Amino acid sequence: MDKTAYNIIKKCNICSKNTRVIRCRIILNINIGAKLLRVCYNIIDMFESILLLLGGLGTFLIGLKMMGDNLQNIAGDRLKSLFNKVSNNKFMGIATGAGITAVIQSSSATTVMIVGFVNAGMMTLKQATSIIMGANIGTTITAQITALQSLPITPFLTALACVGAFMAMFGKDKVAKAGMLISGIGIIFVGMRFMSTSMNNINNSPAVINLLSSATNPFLLMLIGMVFTAIFQSSAATTSILITLCSVSVEGGGQLMTLQSAIFVTLGINIGTCVTAMLASIGANTNAKRASVIHLLFNVFGTAIFLIFIFVAPLISKKLAIDYWLAKAFPNVVSTQIAMFHTIFNIISTLILLPFTGGLTKLATVIVREKKKPEGEEAEDTNYKFAFIDERILKTPSIALMMLRKELVAMAHLSKENFDIAFECLKTLNFDKQKEFEDREKKIDFLNKKLTKYAVKISTKDISYKEEKEIASFYHAISDIERVGDYAENICESAQELVDYKLTFSDKAIEELTMMKSAVDKLYENVIAAFEAKSLALKDEVDGYEDLVDTYNEDLEKNHIARLHNNECSSESGGIFLSIVSNMERIADHFRNVFKSMTTYVSPVKIKANIKDNSVAPTADIVEENDNTKDESQQQDATQNQDDSNSESVVSKVSENK
């Protein structure tokens with residue numbers, strides 16, 4: 001172009017030589033300026049496309065999170081029940097991992113949660129291995145959803161964002177959550193549409209086409225998949241970009257990236273997703289680190305198996321090549337081909353490696369060796385370690401809430417054990433277990449502070465209204481359980497006073513305290529059973545035993561006054577006796593408060609209680625609700641009559657001891 005213009009000017013006889021040179025320079029400068037403008041325009045266009053791609057990716061990830069969080073909220077207790085079914089059964093573990101990952105839409109989150117469970121000692125490496133395998137299968141759901149963008153129904157799927165928004169705005173509770181779930185699905189496809197649009201703007205760029213076409217080395221493509229997945233901390237993000245690249249056509253036919261190249265990138269993505277779990281294992285115990293290594297080993301071995309097949313199969317027959325039969329099975333739908341390969345890879349890898357879970361566990365044990373700690377440090381870790389909860393589990397609030405409940409039960413057992421030790425010290429005046437008592441009391445105080453902070457962290461997550469009420473009740477339950485430990489400490493101090501002042505209780509006084517202690521024990525058993533089951537079915541039993549303890553409190557005071565009048569005990573020991581009775585009554589009150597805290601989030605159940613005396617555990621027969629008012633009235637009258645007879649039985653029994 002420039003040379004032609006120069007020749008035309010040169011042949012012009014009208015202009016002088018100098019004029020021709022000047023004109024030639026002007027034309028050259030104009031052409032150079034035009035080229036610079038085109039380059040700048042292309043750069044700006046490319047920059048806008050990249051921004052649009054990032055915006056689409058962000059929209060996609062927000063939609064994915066909305067869908068996962070709200071699906072998790074709707075699943076609620078069903079999601080929690082999956083972990084309760086975890087056993088050494090490998091197939092049950094795979095189903096659990098796949099189900100949870102399909103709900104929370106993140107294999108990384110599931111694996112991080114598993115690392116937390118192993119770190120807390122709740123799960124063995126053998127159990128964790130099968131769940132991790134299942135998580136890899138469950139994460140393929142995201143790729144399948146993303147692949148739907150190639151179908152003609154995509155505009156309708158994007159409209160779900162608006163439908164869900166209206167449901168969330170005008171619906172209540174579950175309808176609103178369902179609306180947010182539907183809106184999340186719609187936003188996923190809105191994000192995919194943004195990314196497709198951004199690719200359409202650059203699909204004719206020679207630089208981009210040359211760059212993607214030149215990347216044919218399988219190991220380079222795997223490295224690209226690993227790096228981008230590690231950066232985004234999400235295999236779903238990388239997979240969505242990959243599917244978008246393969247779905248965009250270029251001039252002259254074909255896609256920006258071929259199916260064969262996409263297969264190698266997908267293999268790299270599967271390895272790159274292990275980075276999140278590896279990072280989560282930092283600072284965890286040895287077994288937790290081994291769990292993250294098992295996740296890495298599973299994906300590395302699976303990738304190695306598929307690489308061998310990919311390179312060897314075409315040498316036998318071209319029809320055995322993965323890209324060949326994928327194209328035959330799903331013609332002209334590259335996005336579906338990639339999604340199906342992702343699914344097939346994880347399912348076949350699981351089937352091949354499932355018999356070798358023991359070998360994977362042993363290899364992880366060899367790679368991550370146990371570190372021996374000094375005896376003092378190990379003992380300290382044991383005393384101040386959670387039994388169930390872990391910071392990593394917070395990624396799934398519903399599961400974290402379930403684990404917090406279990407931790408509260410464990411804390412209650414500690415307080416009850418201290419109460420038992422304190423009462424034993426009172427009866428025998430033997431303080432051999434004093435050190436054990438003090439260490440346990442320190443751990444109770446530790447749990448009181450840490451569990452409260454953990455509950456606050458859960459409350460900041462996206463949880464349902466029912467779970468918010470459950471969290472609020474836990475604050476009170478934690479305080480009540482801690483107070484039980486304090487009153488047990490008071491009883492232990494009272495026993496020490498008896499030794500210091502050389503005082504003793506009469507056999508009758510010890511017998512009465514033992515009877516009252518038995519009633520408190522039965523109350524505790526029923527409260528803990530109800531709290532673990534999240535049920536109010538034992539309400540009458542709990543109320544009955546709490547009333548029984550109150551009755552003992554009143555009658556033991558009267559008996560003590562009678563013994564004072566008969567000179568059967570001293571006033572000094574009498575003051576200690578009354579203090580112990582009062583502390584035991586308060587312990588019963590706090591146990592009752594733990595049960596009462598559940599009434600804010602657990603539906604009441606009609607029951608028929610049978611409480612005969614303090615030495616026999618009450619039984620409860622759950623009665624189904626009946627709309628007949630007459631039957632309800634008869635049921636209430638029967639329960640009231642039974643309670644009256646129980647009170648008379650208690651009073652008569654205590655009177656015999658006077």
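These numbers were taken from a predicted model, which means no experiment stands behind them.
Closest approach of V118 and T124 over heavy atoms only: CG2-O, 4.5 Å. Taking every heavy atom of both residues into account, L61 and A237 meet most closely at CD2-CB, 3.7 Å. Scanning both residues, Y601 and S473, for their nearest heavy atoms gives CE2-OG, 3.0 Å. Residues H295 and T111 share a closest heavy-atom pair of ND1-CG2, 3.4 Å. Counting all heavy atoms, side chain and backbone alike, Y475 lies closest to S459 at OH-OG, 3.8 Å. In terms of heavy-atom proximity, F341 sits nearest to L326 at CB-CD1, 3.8 Å.
Counted within 6.0 Å of CZ on F311, heavy atoms from surrounding residues, nucleotides or ligands total more than 12; the atom is thus considered enclosed. More than 12 heavy atoms of other residues, nucleotides or ligands sit less than 6.0 Å from atom NZ of K289. For Y465, the OH atom is loosely surrounded, since the number of other residues' heavy atoms within 6.0 Å does not exceed 12. Counting heavy atoms of neighbouring residues, nucleotides and ligands inside a 6.0 Å radius, atom NZ of K469 exceeds 12 of them. The number of heavy-atom neighbours closer than 6.0 Å to CZ of F531, taken from other residues, nucleotides and ligands shown, is above 12. Counting non-hydrogen atoms of other residues, nucleotides and ligands closer than 6.0 Å to CZ of F356 gives a total of 12 or fewer.
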Notebook entry, point to check: Taking it one step at a time, do E391 and Y454 satisfy side-chain contact (heavy atoms from CB on, under 4.5 Å)?
Noted result: CA-CA 8 Å; E391 292 289 328; Y454 195 81; 4.1 Å; yes
Next item on the list: Show your reasoning for whether side chain to side chain donor-acceptor pair (under 3.5 Å) applies to T139 and T101.
Entry: CA-CA 6 Å; T139 193; T101 306; over 6 Å; no
Checklist line | Test side-chain contact (heavy atoms from CB on, under 4.5 Å) applied to I528 and H413, step by step | finding: CA-CA 9 Å; I528 291 302; H413 288 326; 4.1 Å; yes
Next item on the list: Could you check M222 against V265 for side-chain contact (heavy atoms from CB on, under 4.5 Å), going step by step and ending with a plain yes or no?
Entry: CA-CA 5 Å; M222 287 173 58; V265 175; over 6 Å; no
Margin query: Would F264 and I310 count as a side-chain contact (heavy atoms from CB on, under 4.5 Å) here? Give the steps.
Written below: CA-CA 10 Å; F264 291 115; I310 290 171; 3.8 Å; yes
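T229 and T238 form a side-chain donor-acceptor contact under 3.5 Å, judged by distance and modelled atom types alone. Of the N and O atoms on the side chains of K90 and T357, at least one donor lies less than 3.5 Å from an acceptor on the other residue.
Two residues are said to be in side-chain contact when any heavy atoms from C-beta on lie closer than 4.5 Å; M226 and T273 fail this criterion. Using a 4.5 Å heavy-atom cutoff, the side chains of S349 and F301 are not in contact. Using a 4.5 Å cut-off on side-chain heavy atoms (C-beta onward), T142 and T239 make no contact. Taking the side chain as every heavy atom from C-beta outward, P155 and L157 never approach each other to under 4.5 Å. Put simply, the side chain of I344 does not reach to within 4.5 Å of the side chain of T140, judged on heavy atoms. Put simply, the side chain of F386 reaches to within 4.5 Å of the side chain of K450, judged on heavy atoms. Contact of the P331 side chain with the Q337 side chain is not registered, since no non-hydrogen atoms from C-beta on lie closer than 4.5 Å. Looking at F345 and T303, their side chains come closer than 4.5 Å, going by heavy atoms from C-beta outward.
Distance check: K534 NZ to M402 CE gives 10.0 Å after rounding to the nearest 0.5 Å. Atoms CG and CG, on L447 and L414 in that order, are 6.5 Å from each other to the nearest 0.5 Å. Here I458 contributes atom CD1 and I471 contributes atom CD1; the two are 4.5 Å apart, rounded to the nearest 0.5 Å. Rounding to the nearest 0.5 Å gives a distance of 14.5 Å between OG of S107 and CE of M133. To the nearest 0.5 Å, atom CG of residue N217 and atom OG of residue S261 are 10.5 Å apart. Note that CD1 of I338 and CG of D323 are 12.0 Å apart. Values are rounded to the nearest 0.5 Å.
When each of I137, N89, N136 is tested with I94 by the rule side-chain contact (heavy atoms from CB on, under 4.5 Å), just one qualifies, namely I137. Only one option out of T59, L53, L52 pairs with M195 in a side-chain contact (heavy atoms from CB on, under 4.5 Å); it is L53.
Between the T266 side chain and the A262 main chain, a donor and an acceptor come within less than 3.5 Å of each other. In this structure a side-chain-to-backbone donor-acceptor pair under 3.5 Å is present from R290 to V368.
A cation-pi contact, defined as under 6.0 Å to the ring centre and within 45° of the axis, is absent between R405 and F474.
Classification of E532 and K406 as a salt-bridged pair fails, no side-chain N sitting under 4.0 Å from a carboxylate O.
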